[in-house]
Structure formats: C-alpha cells, structure tokens
Amino acid sequence: MQITDYEISQEAFSPDQTQQVARVSLTMADRFVTLFCAVNMEGVDTPSARLDAFLREALRQLRRMPEFRTGGKTVELAANLSPDPMLA
C-alpha cells in the first residue's frame, strides 16, 4: 500500500522537553489512518529532521499492525512525499 499524503497535527512537547508528540495522519488509496506518535528530540534540530522522525515513527507503528506485520501487505511512501530516501 502506498501512502499518498500525510498530515502532522497537534504537536506538543512532553513536560520535560525531551520528546515531542503529535498526531500523524496517513492517507492511502483505500484508508485513512491516524497515529499518535512520540519522538525523542535528541538530534532533531530542524523542521526536516522533525518531519523525518515523525514519519519514521508513524511507519514503524503502521508496519506493526496485523495486516502489514503478517507480510500480506507492504507499506511505502510515495516518492514525492519522502524527504529522506531511507523512509520509503
């Protein structure tokens, strides 16, 4: 399954400022998935790095869902969405 669009919303910092949390919404041809993601802020010092971190966490969570974990379906970002080739 190919992710054709995403949106990151409701960003907030944890009380100790070491993590940032947000809702990451992923759009695919046949479904729309919203995930609650938390990323460690160490080394995340640019907007691009923050986007990479949230997308990486959302993809990790999505790949652990039963329909993807069993290997029946794969998940990938559309080439025009991936700021970092390692995410695709």
Student: List in chain and number order the residues that pass side-chain hydrogen bond (donor to acceptor under 3.5 Å, both in side chains) with Thr27, two or more places apart in sequence or in another chain; answer none if no residue qualifies.
Tutor: none
Student: Among the clusters formed by ILVMFWY side chains lying less than 4.5 Å apart, do Met65 and Met28 turn up in the same one?
Tutor: yes
Student: Could you pull out all residues at least two apart from Glu7 that satisfy salt bridge (Lys or Arg N to Asp or Glu O under 4.0 Å)?
Tutor: none
Student: Looking only at heavy atoms, what is the nearest atom pair of Gln61 and Cys37, with distance?
Tutor: NE2-SG, 3.7 Å
Student: Take Ile3 and Leu62, measure what side chain to side chain contact (heavy atoms under 4.5 Å, CB included) needs, and give me the verdict at the end.
Tutor: CA-CA 11 Å; Ile3 297 168; Leu62 191 63; 4.1 Å; yes
Student: Measure the spacing between CZ of Arg50 and CG of Leu55 and express it to the nearest 0.5 Å.
Tutor: 11.0 Å
Student: What distance separates Gln10 CD from Ser25 OG, expressed to the nearest 0.5 Å?
Tutor: 8.5 Å
Student: Is there a chain of hydrophobic side chains (I, L, V, M, F, W, Y, each step under 4.5 Å between heavy atoms) that links Phe13 to Leu51?
Tutor: yes
Student: Counting only heavy atoms not in Arg64, do more than 12 fall under 6.0 Å of its CZ?
Tutor: no
Student: How far does CG of Leu26 sit from OG1 of Thr4, to the nearest 0.5 angstrom?
Tutor: 9.5 Å
Student: Quick one, Arg23 and Thr34 - any side-chain contact, counting heavy atoms below 4.5 Å?
Tutor: yes
Student: Looking only at atom types and distance, does a side-chain atom of Arg63 sit under 3.5 Å from a main-chain N or O of Val75, one as donor and one as acceptor?
Tutor: yes
Student: I need the minimum non-hydrogen distance between Ala58 and Leu35, along with the two atoms involved.
Tutor: O-CD1, 3.4 Å
Student: Could you tell me whether the side chain of Gln2 and the main chain of Ala29 form a donor-acceptor pair under 3.5 Å?
Tutor: no
Student: Mind checking side-chain hydrogen bond (donor to acceptor under 3.5 Å, both in side chains) for Glu42 and listing every partner two or more places apart, or none if nothing turns up?
Tutor: none
Student: Give the minimum heavy-atom separation between Ile8 and Ala22, together with the two atoms involved.
Tutor: CG2-CB, 3.8 Å
Student: When rounded to the nearest 0.5 angstrom, what distance separates CZ in Arg56 from CG in Leu77?
Tutor: 10.5 Å
Student: Mind checking the CG-CZ spacing from Leu59 to Phe54? Nearest 0.5 Å is all I need.
Tutor: 13.5 Å
